[in-house]
Undergrad: 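What follows is a single structure, and I will ask about it in a moment.
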Amino acid sequence: MDQDTIAELAESVHDESPMVALMAGVKLRDEAERLLSLHVRRARAQGATWSEIATVLGISKQAVHKKYGGSRRDR
């Protein structure tokens, strides 16, 4: 998703119509999740540990494994 689209969605979350704002919020959440997944993979590829990633995300190492697909060979 390009930056202009993200900026438009960010403005739309303040729309007077709650349904428009809700749809914009969902799209922003989905994009944020996509970006987090991308950066977790990139961090792992560059040698970051699951514990380091968990600390940055503010969740447990177990939650990182569950959400982003850590496997036994990654430990």
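Scope of the values below: all heavy atoms of this structure, side chains included, with no hydrogens, waters or symmetry mates.
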Undergrad: With sequence neighbours excluded, what pairs up with Asp4 under the side chain to side chain contact (heavy atoms under 4.5 Å, CB included) test?
TA: Asp2
Undergrad: Looking at Gln46 and Ala43, would you say the former's side chain and the latter's main chain have a donor-acceptor pair under 3.5 Å?
TA: no
Undergrad: Taking all atoms of both residues into account, what is the closest heavy-atom pair of Gly47 and Glu52, and its distance?
TA: O-OE1, 4.3 Å
Undergrad: Within the 4.5 Å heavy-atom criterion, are Leu57 and Tyr68 side-chain neighbours or not?
TA: yes
Undergrad: Quick one: pull up CD1 in Ile53 and NE2 in His65 and give me the separation to the nearest 0.5 Å.
TA: 9.0 Å
Undergrad: What pairs of donor and acceptor atoms, side-chain ones from residues 30-38 against any protein atom, are under 3.5 angstrom apart with sequence neighbours left out?
TA:
residue, atom, partner, partner atom, Å
Glu31, OE1, Arg34, NE, 3.0
Glu31, OE2, Arg34, NH2, 2.8
Glu33, OE1, Lys67, NZ, 3.1
Glu33, OE2, Lys67, NZ, 3.3
Ser37, OG, Arg41, NH1, 2.9

Undergrad: One pair to check against side chain to side chain contact (heavy atoms under 4.5 Å, CB included): Thr55 and Trp50. What are the steps and the verdict?
TA: CA-CA 9 Å; Thr55 297; Trp50 287 112; over 6 Å; no
Undergrad: Let me have the donor-acceptor pairs involving side chains of residues 8-24, under 3.5 Å, with sequence neighbours excluded, atom names and distances please.
TA:
residue, atom, partner, partner atom, Å
Ser12, OG, Glu8, O, 3.0
Asp15, OD1, Ser17, N, 2.8
Ser17, OG, Met19, N, 3.4
Ser17, OG, Val20, N, 3.3

Undergrad: Which pair of non-hydrogen atoms, one from Arg44 and one from Thr49, has the smallest distance, and what is that distance?
TA: NH1-CA, 3.6 Å
